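Throughout, protein chains are lettered first and strands after them, A, B, ... in sequence-line order, and every chain is numbered starting at 1. Reckoned from all heavy atoms, side chains included, excluding hydrogens, waters and symmetry mates. None of these values were measured; they are calculated from a predicted model.
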Number of protein chains: 4
Amino acid sequence: MPVKPAFVRIPLPAHAASARASLEFNGKDFHVIGGPCSVESEAQFQITADAVKRSGANLLRGGIYKLRTNPESFQGLGEQSWDFVRKVCRETGMPLVTEVTDPRQIEAMTEFVDVFQVGTRNMYNYALLKELGLAGKPVLLKRAFSATLDEWILAARYVTREGNPNVILCERGIRTFEPAFRNTLDLSAIPYVKARSEFPIIVDPSHATGIREFVAPMALAAIAAGADGLLIEVHPDPALALSDGPQALDFPAFEALMRQIDGLCTHLGRRLVRLDPIKTASSERPSEAAAE
Amino acid sequence: MPVKPAFVRIPLPAHAASARASLEFNGKDFHVIGGPCSVESEAQFQITADAVKRSGANLLRGGIYKLRTNPESFQGLGEQSWDFVRKVCRETGMPLVTEVTDPRQIEAMTEFVDVFQVGTRNMYNYALLKELGLAGKPVLLKRAFSATLDEWILAARYVTREGNPNVILCERGIRTFEPAFRNTLDLSAIPYVKARSEFPIIVDPSHATGIREFVAPMALAAIAAGADGLLIEVHPDPALALSDGPQALDFPAFEALMRQIDGLCTHLGRRLVRLDPIKTASSERPSEAAAE
Amino acid sequence: MPVKPAFVRIPLPAHAASARASLEFNGKDFHVIGGPCSVESEAQFQITADAVKRSGANLLRGGIYKLRTNPESFQGLGEQSWDFVRKVCRETGMPLVTEVTDPRQIEAMTEFVDVFQVGTRNMYNYALLKELGLAGKPVLLKRAFSATLDEWILAARYVTREGNPNVILCERGIRTFEPAFRNTLDLSAIPYVKARSEFPIIVDPSHATGIREFVAPMALAAIAAGADGLLIEVHPDPALALSDGPQALDFPAFEALMRQIDGLCTHLGRRLVRLDPIKTASSERPSEAAAE
Amino acid sequence: MPVKPAFVRIPLPAHAASARASLEFNGKDFHVIGGPCSVESEAQFQITADAVKRSGANLLRGGIYKLRTNPESFQGLGEQSWDFVRKVCRETGMPLVTEVTDPRQIEAMTEFVDVFQVGTRNMYNYALLKELGLAGKPVLLKRAFSATLDEWILAARYVTREGNPNVILCERGIRTFEPAFRNTLDLSAIPYVKARSEFPIIVDPSHATGIREFVAPMALAAIAAGADGLLIEVHPDPALALSDGPQALDFPAFEALMRQIDGLCTHLGRRLVRLDPIKTASSERPSEAAAE
C-alpha cells in the first residue's frame with residue numbers, strides 16, 4: 001500500500017519570535033531536540049537551553065515528571081518547576097518537549113508545553129494516548145522497549161483517531177539479551193516506519209546506548225538510515241546529573257556532534273533546521289530583565 | 001536477606017454469604033480465579049460464573065475495559081455492563097477481579113470490584129499504581145511482558161508505599177524470540193518472587209501460552225513451582241469469544257483441570273480454597289430476589 | 001497431525017550388571033541424570049557417581065570436553081580422564097552421558113560413552129549431528145539458548161535421518177532480557193515437543209537457573225509439565241567446582257530433591273527408574289575386578 | 001584499556017593480477033563483499049561475479065556448503081562446484097569468501113578460498129574456530145544471532161590464540177521479539193567492537209533485515225556508525241534464488257547502492273577500495289583461456 005509522505009507540524013510559540021511559524025517534519029527538514037534528562041534547577045535548565053540552541057538544536061527537552069523504576073528514585077521536580085521552565089523557554093525562544101505521565105496532567109500543561117512526550121513505559125497507556133489525541137498538541141511517542149513496530153504504529157493511531165494527526169515516533173532502543181548497552185537501538189525501525197506508516201520518526205541514541213561514547217556514532221547512523229531527527233541528552237555537568245548522567249553529553253561534545261550532524265545532513269540532502277536567534281538581546285524583554 | 005512470608009487478604013463481599021470473611025494468600029491456601037477474558041453479556045457472564053464456581057474457582061474474572069493493541073478492536077463493554085456484572089457477582093456470591101485502565105475509573109468501580117487487576121501493558125503506569133495504593137482495594141499486578149523480575153517487584157512497591165499492602169503478583173509470560181506461543185511463561189519467577197519479595201504470586205497460563213491445549217500442563221507446573229494461585233480464562237463457547245478465544249477453556253475442560261489442580265495441591269500440602277455454596281439453590285435464588 | 005508416542009531406548013552397558021537391559025523413554029518411566037558439570041578427578045567423579053546412584057539417578061553425567069566462552073577458561077580434562085571415567089562407570093554400573101564437541105571425537109569415545117550429549121552451543125552444528133546420526137549411540141540434544149522450538153525439533157531430525165532414532169531433547173533455558181537467572185527456563189517446551197514431535201524431552205534446571213536454590217522448584221515444575229526426565233548437576237563440594245559451582249547441588253540437597261521427585265512422579269503416574277545395585281558391595285567390587 | 005587499531009590483511013590471490021597485493025582493513029579502507037547467498041551454477045556465479053566487481057565490490061561471496069534449519073532444504077552444491085568456483089574467481093580476479101561448516105573441510109578448501117566465513121550458527125563451534133586458527137587464512141566471523149558482544153569477541157580469540165590474527169567480525173542481526181524483520185540489526189555493535197577489541201567489523205544488512213527494500217538504508221547506517229565494510233547478497237534474478245531470494249539485490253539495485261556507498265564513504269573520510277580491472281577485456285579473457 002502506498003503511504004502518504006510523513007508531514008507533521010509543530011507550531012512555534014509566540015515567544016520564539018521567529019520568521020518561521022512552525023517546525024515541519026516534511027521528509028527534508030531535520031530536527032534536533034536537545035536538553036537534560038531531568039529539569040533540575042533554573043540555572044541548569046537555562047544554561048543548557050542556551051547551549052543547545054547555540055549548537056543548533058531547535059527543540060528543548062527537559063523532564064518535569066520522571067517515570068522511575070524505583071519509587072524511591074528522584075521523580076522530577078513537578079509543578080514547582082513550571083514557572084522557571086516557562087521563563088527559560090520564553091527567554092531562549094525554544095519550544096518545549098516534555099513528558100506527560102498521567103492524563104490528568106495534560107490540561108494544565110498544555111499552556112506551556114509545545115510537544116507532549118509519551119515515554120517508553122507509557123506507550124501502551126491508551127487512556128493517556130486518547131487524551132492526548134483530544135488535547136491537540138503534537139505528540140512525541142517513544143517506542144516501548146518491548147513493542148513490535150506494528151504495535152507502536154497502532155499506538156500512534158490511538159492519538160490520531162481522536163483527531164490529532166501530529167504524532168512523531170521516537171525509537172529509543174529495545175530490550176534484548178545484550179548486556180553491553182542499556183537497550184539495543186533498532187535502526188531498522190526507521191525505514192520500516194517510513195514504508196509502512198504515515199509518521200515521521202526520530203531517534204534517541206542517549207537512552208538507546210546509555211553510554212556517552214556511543215551516542216555520536218549511533219546518531220550519525222540514524223541520519224544515514226533516514227531518520228527525521230534526533231533526541232539527545234545534554235547536561236552542563238553530566239557527572240552531577242540527577243538522572244541518566246552516564247549517557248548525557250556535555251556542551252563541547254554536543255557542539256562537536258552537531259557539526260557532524262550538519263555535514264551528514266547536507267551530504268544526504270537533508271536540512272538541519274535551526275531556530276532564528278532571538279531578535280533583540282534578552283535585555284529588550286523587560287519582564288526577563290526585571291526578573292534578573 | 002530474610003523475607004517475611006507472603007500474606008495478602010482479600011475481604012469477601014457481604015453477598016458472598018460465606019462462613020469465611022476473606023480469602024487469604026498465606027502460603028498454604030491456593031486460589032483459582034476463573035472467568036472470561038471479556039464480559040460480553042449478562043447470560044455469558046452468569047453461566048460462566050456459575051460454572052467456574054461449581055468447579056472450584058473462588059474469584060471471578062471478567063474484563064470490562066480491555067486494552068487492545070489495535071484501537072479498532074473490541075474495547076470491552078465498559079460502563080453499560082456494570083449493572084449486570086454487579087448482579088452476577090451478588091447472585092453467585094463470587095468476588096470480582098477486573099482490570100482498571102485509567103486512574104479516573106477507580107473511584108466509581110471501587111463499590112463493586114473486589115480486586116483491581118493491572119494488566120501487563122500498565123505495569124509501568126505508575127500514576128495508576130499510586131492511585132490504587134490510595135484506593136486501598138487488593139491489587140492483582142500482572143508482570144509487563146518485558147519487565148525484569150526486579151522491576152516488577154519495584155512496581156508493586158508503588159502500590160504498597162501509598163499504604164495498601166494487598167498486592168498479588170501475576171506472571172503471565174514474557175516476550176521472547178519464540179513464536180510458538182503468545183508469550184514465554186517464566187515459571188522461575190515464582191521461586192524468585194518468593195525468595196526476594198514479600199508478595200504472593202499467581203500464574204496466568206492462558207495468556208502465557210495463548211493456546212488452549214497447553215493451559216493444563218503449565219497450570220500444574222506453576223503449582224509444582226510453588227505458585228499461590230492461578231488465573232484461567234473460561235468461556236461457555238470459546239469459538240465465539242470476542243477476545244482471546246483460542247486460549248479459553250470450555251466448562252468441561254476447566255472442570256477436569258480443577259480436579260487435577262485439587263489433587264496436586266493436596267499432594268504438595270497446599271489447600272484449594274472453595275467458596276461456600278450460596279445458601280439457597282441457585283436455580284431459585286430467593287435471596288437475590290429479596291435483595292433486589 | 002497425530003504424533004507417535006515418544007520411545008527411545010538407551011542400552012545399558014554390560015557392566016551395569018542389571019536385570020534390565022536398557023532404559024526406556026516410554027512416556028511412563030522417568031529418568032534422572034546426575035553428576036558433575038566437569039569431570040575433575042577420579043576421586044571427585046567416583047564419589048559423585050556413588051552418591052547420585054544411591055539417591056536414585058540412573059545415568060551419570062560428567063563433562064570431559066567443555067565448551068567455554070572464554071578460550072582461557074578450563075576446557076575439561078579431555079583424553080587424560082578417559083581411563084578413570086571408564087573405571088568409575090564400570091564400578092558403579094552407571095551408563096555415561098557426556099558431551100561431544102567435535103565430529104572427530106566420536107569414534108574413539110563410542111566405546112565407553114552410552115549417551116552423547118550435544119551442548120547448547122552445538123545444536124546448530126549440523127556436521128556434528130549428522131556424524132552422531134551415523135554413530136548410532138543415543139543422543140541427548142540440548143536446545144540452543146536461542147533456538148525456536150521448531151528449529152530444535154528440526155535439528156534432531158539431522159540425527160534421525162541418518163538412521164539413529166534415539167534422540168532425547170533437553171530444555172535448558174533460553175536467552176531473554178531477564179538478568180536474574182542465567183537463562184529463562186521455558187517449560188512450555190515440554191508439552192509443545194510432546195504434541196508436535198516424536199521425541200522425549202527432559203529438563204536441565206541447573207543450567208537454566210544457574211542458582212542452586214532455584215533448582216528444586218524448577219525440577220518439580222518440569223515433572224508436572226510432563227517431562228520425561230531431569231539433568232541435574234551434583235558436586236561433592238560445589239564451592240570448589242572448576243565450572244558452574246553456583247548451580248550444583250551437594251549430595252544431601254540432591255538426595256532431598258530425589259525424594260520429592262519420587263513422590264511427585266508417583267502422584268502423577270510416572271515411575272522413577274532406579275538402577276539395580278551392583279551385586280556385590282561396592283567396597284569390594286569383585287565383579288569389576290573379575291571383569292578386568 | 002587502549003585498543004590497538006584494527007588491522008587485518010587479506011592477501012590477494014595471484015590471479016587477481018592487481019597492482020595491490022592485499023586488501024587491508026586499516027580503519028580507512030572500506031570493503032564490500034558481494035555475491036549470491038548460494039553458488040547455484042557456473043553461469044549464475046560468473047555473471048554475478050562480473051556484476052559485483054563492476055559495481056565496486058572487492059570480495060566475492062558464494063555459499064558452497066549451506067547450513068539450513070531444515071535437513072530437507074537445499075544444502076549447497078558442495079564439492080561438485082569447486083572447479084567452476086575456482087574458474088570464476090580466476091577469471092574475474094576476485095578473492096573468494098565462502099563458509100566452512102566442518103573442520104574436516106578446511107584443508108582441501110584452503111587452496112582456493114581467500115577468506116573462510118564462519119556462519120552465525122557456528123560462532124560457538126570452537127573446534128572449527130581453533131582449526132581455522134591453525135589454517136592461517138583470514139576468517140570472517142559472523143556473530144551468532146544470540147551472542148553477546150563480549151562472547152563474540154572471545155570467540156574470535158579462539159582463532160587468534162592459535163596464531164592467526166586475521167579475523168574480521170560481521171554483525172548480521174540478532175534474535176529479538178520483533179517479527180517484522182528476519183533479525184534485528186544491532187549497529188551499536190560497531191562502535192562497541194572498535195572500542196573494546198582489536199578486530200575490524202563489517203555488516204551484513206541482507207541477512208539482518210531479510211527484506212530487499214531495507215538493505216540500502218541499513219547499509220548506509222552501518223557506514224555512518226563506523227563499519228569497515230559490508231556483506232551484501234546479490235543475485236541475477238532474486239525471484240529464482242535457491243536460498244534467501246527475498247533479501248538479495250539484483251544488479252541495478254546493487255549498482256545504485258554502491259554509488260551511495262561510495263559517496264558516503266568519501267564524505268566520512270573512508271575510501272571504497274576497488275580491485276583493478278583484469279588486464280584484458282572480460283569478454284575475451286584470453287589470459288584465463290591460456291591459464292587453462
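- Inspection of non-hydrogen atoms places Glu131(A), Phe145(A), Ser146(A) of residues 131-146 of chain A under 4.5 Å from chain B.
- Sorted by first and then second residue, the salt bridge (charged side-chain N to carboxylate O under 4.0 Å, His left out) pairs with a member in residues 146-155 of chain B read Arg175(A)-Glu151(B); sequence neighbours excluded.
- In this structure Arg212(B) satisfies the salt bridge (charged side-chain N to carboxylate O under 4.0 Å, His left out) test with no other residue, sequence neighbours excluded.
- Note that the OH atom of Tyr158(A) and the OG1 atom of Thr69(B) stand 7.0 Å from one another [nearest 0.5 Å].
- For the set Leu154(A), Asn122(A), Leu67(A), Thr176(A), the count of heavy-atom pairs under 4.5 angstrom toward chain B peaks at Leu154(A).
- Listed by sequence position, the residues of residues 105-120 of chain B in contact with chain A number zero, using a 4.5 angstrom heavy-atom cutoff.
- For chain B, the nearby parts of Thr148(A) are the backbone and the side chain; heavy atoms of each come within less than 4.5 Å.
- For the pair Arg121(B) and Tyr126(A), the minimum side-chain heavy-atom distance is below 4.5 Å.
- Within the model, atoms CG of Leu128(A) and CG of Asn125(B) stand 8.0 Å from one another, a figure rounded to the nearest 0.5 Å.
- Neither the backbone nor the side chain of Glu162(B) comes within contact range of chain A, judged by heavy atoms closer than 4.5 Å.
- Proximity of Arg161(B) to Glu72(A): side-chain heavy atoms (C-beta onward) are separated by under 4.5 Å at one or more points.
- Only the side chain of Arg104(B) has a heavy atom closer than 4.5 Å to any heavy atom of chain A.
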